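Just below is one structure, and these are the notes that go with it.
Note that the coordinates shown come from a computational prediction; the quantities given were computed from them, not determined experimentally.
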Amino acid sequence: MTINQTVLKEFILVGFSAYPNVQAFLFVIFFCLYLFTLAGNLTIMGLTWVDRFLHTPMYLFLSALSFSETCYTLTIIPKMLADLLSKSRGISVTGCGLQMCFFLGLGGTNCIILTLMGYDRFLAICNPLRYPLLMTNVACAQLVASAWAGGFFVSLIETVLIFRGSFCSPNLIKHFFCHMRAVVRLTCRDSDLTEFIVTVISVSGLLGTFLLILLTYVFILSTVLRIPSAEGKQKAFSTCASHLTVVIVHFGFASIVYLKPESSGGDDTLMAVPYTVITPFLSPIIFSLRNKDMKQAFRKIMRKTDALKK
């Protein structure tokens with residue numbers, strides 16, 4: 001008991017060490033995905049900043065989401081890539097707490113921003129006459145700030161609940177980052193209760209934001225179906241297609257982890273890859289490839305660049 005109660009100063013991230021033969025291959029794959037993710041998000045933020053035509057609430061929300069997702073991946077992927085090439089996979093308890101706090105906070109921020117994007121589409125389609133008055137750029141900035149505040153408020157509560165006590169040996173985190181469930185199992189007391197509380201908080205936030213988005217799309221669908229022309233319906237649906245696709249991918253992959261019963265088994269490390277690596281990679285691709293305004297803004301920048309070269 002004396003050994004078990006020793007105050008831990010460092011955790012070891014087990015990560016992908018269970019798959020030693022493919023670690024180099026995983027590094028190459030994840031590194032390429034990370035570069036494309038950064039490039040996609042930075043492109044969206046850059047185009048939104050440069051092109052005045054994109055200075056509208058819809059694209060300001062998109063730019064805010066891209067910034068949040070860039071920070072989100074920055075909290076875990078560089079450390080994961082370094083651990084894939086290193087035998088030393090240690091992380092201090094303080095560093096682990098900070099990583100968890102930022103990961104949960106940014107994840108919550110992403111969910112809220114996606115909800116706000118749904119609300120923006122709801123106002124634009126269901127209340128088009130009042131939309132310019134209700135959704136100004138100032139209101140958009142205030143909503144984004146509230147998304148960050150809400151995401152990190154919940155994150156701080158969960159992190160404090162997990163790190164309020166001491167941790168017992170062994171100090172092995174069976175994950176490639178300081179995942180909430182993996183860390184809480186190392187606490188010396190009340191681990192089951194703490195895990196239940198933080199899981200309920202996370203699941204409530206996940207389901208709550210998803211149900212709000214679902215509710216907005218119920219109203220949007222009922223409004224679109226009342227549009228007499230087929231062209232009008234198609235135009236209304238096209239403005240929502242990218243957002244709805246990202247919502248399905250984002251919440252679908254996240255639910256695999258957070259709604260998974262404890263008794264179902266499975267490797268949590270592999271199950272976390274979709275929503276930590278693949279979702280941030282797909283999000284900018286979906287928003288840029290299916291968006292005419294974004295592609296047009298990109299062409300403008302390329303033409304200006306070519307003109308300067310000549």
Side-chain angles (χ1 to χ4, degrees), residues 8 10-37 69 71-93 95-108 110-111 155 158-159 162-163 167-187 191-192 194-196 198-199 202-203 206 249-283:
L8 296 179
E10 185 183 56
F11 293 120
I12 304 297
L13 295 169
V14 176
F16 296 98
S17 60
Y19 313 96
N21 297 327
V22 295
Q23 286 191 86
F25 174 73
L26 290 175
F27 174 84
V28 174
I29 296 297
F30 292 154
F31 181 70
C32 291
L33 289 175
Y34 184 52
L35 287 182
F36 282 117
T37 300
E69 286 199 333
C71 297
Y72 174 81
T73 55
L74 191 63
T75 61
I76 54 171
I77 295 183
K79 172 64 176 169
M80 178 189 69
L81 292 173
D83 288 345
L84 282 170
L85 298 179
S86 173
K87 292 183 179 179
S88 174
R89 300 181 177 87
I91 183 171
S92 66
V93 173
C96 184
L98 288 173
Q99 186 190 59
M100 182 185 297
C101 182
F102 278 97
F103 175 76
L104 292 174
L106 290 163
N110 289 344
C111 290
S155 171
E158 292 179 311
T159 306
I162 294 172
F163 283 84
F167 296 91
C168 295
S169 297
N171 62 338
L172 301 176
I173 297 177
K174 296 180 180 180
H175 224 295
F176 59 85
F177 69 100
C178 290
H179 188 272
M180 178 183 69
R181 283 183 174 178
V183 175
V184 77
R185 290 165 188 163
L186 301 181
T187 55
S191 61
D192 291 338
T194 303
E195 182 176 359
F196 174 75
V198 295
T199 300
S202 295
V203 171
L206 191 69
V249 172
H250 178 88
F251 286 94
F253 282 150
S255 65
I256 293 174
V257 175
Y258 287 101
L259 301 181
K260 178 181 74 72
E262 289 297 311
S263 58
S264 63
D267 190 334
D268 288 340
T269 301
L270 293 178
M271 294 180 72
V273 170
Y275 80 93
T276 55
V277 180
I278 297 177
T279 299
F281 166 71
L282 291 176
S283 181

Quiz item: Between Ala254 and Tyr275, what is the shortest heavy-atom contact and its length?
Solution: N-CB, 4.0 Å
Self-check item: Heavy-atom pair of closest approach, residues Pro20 and Gln23
Solution: CA-NE2, 3.5 Å
Quiz item: Passes side chain to side chain contact (heavy atoms under 4.5 Å, CB included), Phe253 versus Val273? Steps please.
Solution: CA-CA 9 Å; Phe253 282 150; Val273 170; over 6 Å; no
Quiz item: Which atoms form the tightest heavy-atom contact between Cys96 and Ile173, and what is the distance?
Solution: SG-CD1, 4.0 Å
Quiz item: Heavy-atom count around Phe27 CZ within 6.0 Å, excluding the residue itself: above 12?
Solution: yes
Quiz item: Does Glu10 offer a backbone N or O that forms a donor-acceptor pair with the side chain of Asn171 under 3.5 Å?
Solution: yes
Practice problem: Could you tell me the separation between the CZ atom of Phe11 and the NE2 atom of His175, rounded to the nearest 0.5 Å? | Solution: 14.5 Å
Quiz prompt | Sub-4.5 Å side-chain heavy-atom contact between Phe102 and Ser155 | solution = no
Self-check item: Listed partners of Ser17 passing side chain to side chain donor-acceptor pair (under 3.5 Å), at least two apart
Solution: none
Self-check item: Sidechain-backbone polar pair: Ser202 side chain, Thr199 backbone, donor-acceptor under 3.5 Å
Solution: no
Quiz prompt | Reported NZ-to-OG distance for the pair Lys79 and Ser86, which is rounded to 0.5 angstrom | solution = 7.5 Å
Self-check item: Exam field: side chain Thr187 to backbone Val184, donor-acceptor pair closer than 3.5 Å
Solution: yes
Self-check item: Expected output: side-chain Gln99 to main-chain Thr75 donor-acceptor under 3.5 Å
Solution: yes
Practice problem: Evaluate the side-chain proximity of Phe281 to Leu35: yes if any heavy-atom separation is below 4.5 Å, no if none is. | Solution: no
Self-check item: Atom pair CD1 (Ile162) and OG1 (Thr194), whose distance is rounded to the nearest 0.5 Å
Solution: 8.0 Å
Quiz prompt | Member of Thr276, Val14, Leu84, Leu13 meeting the side chain to side chain contact (heavy atoms under 4.5 Å, CB included) criterion with Phe176 | solution = Thr276
Practice problem: Any pair with a residue in residues 13-27 that passes salt bridge (charged side-chain N to carboxylate O under 4.0 Å, His left out), sequence neighbours left out, goes on the list, sorted by first then second residue, please. | Solution: none
Exercise. Would you give the length of the straight line joining atom NE2 of His250 to atom CG of Leu206, rounded to the nearest 0.5 angstrom?
Key: 6.5 Å
Quiz item: At what distance, to the nearest 0.5 angstrom, does CG of Asn110 lie from CD of Glu69?
Solution: 5.0 Å
Quiz item: Could you give the distance from CG (Asn21) to CZ (Phe16), rounded to the nearest 0.5 Å?
Solution: 14.5 Å
Exercise. Compare every heavy atom of Pro280 with every heavy atom of Thr73, then report the nearest pair and how far apart it is.
Key: CG2-CB, 3.5 Å
Practice problem: Evaluate whether atom CZ of Phe163 has more than 12 neighbouring non-hydrogen atoms of other residues, nucleotides or ligands under 6.0 angstrom away. | Solution: yes
Practice problem: Can you see which heavy atom on Val277 is nearest to which on Thr37, and at what distance? | Solution: O-OG1, 4.5 Å
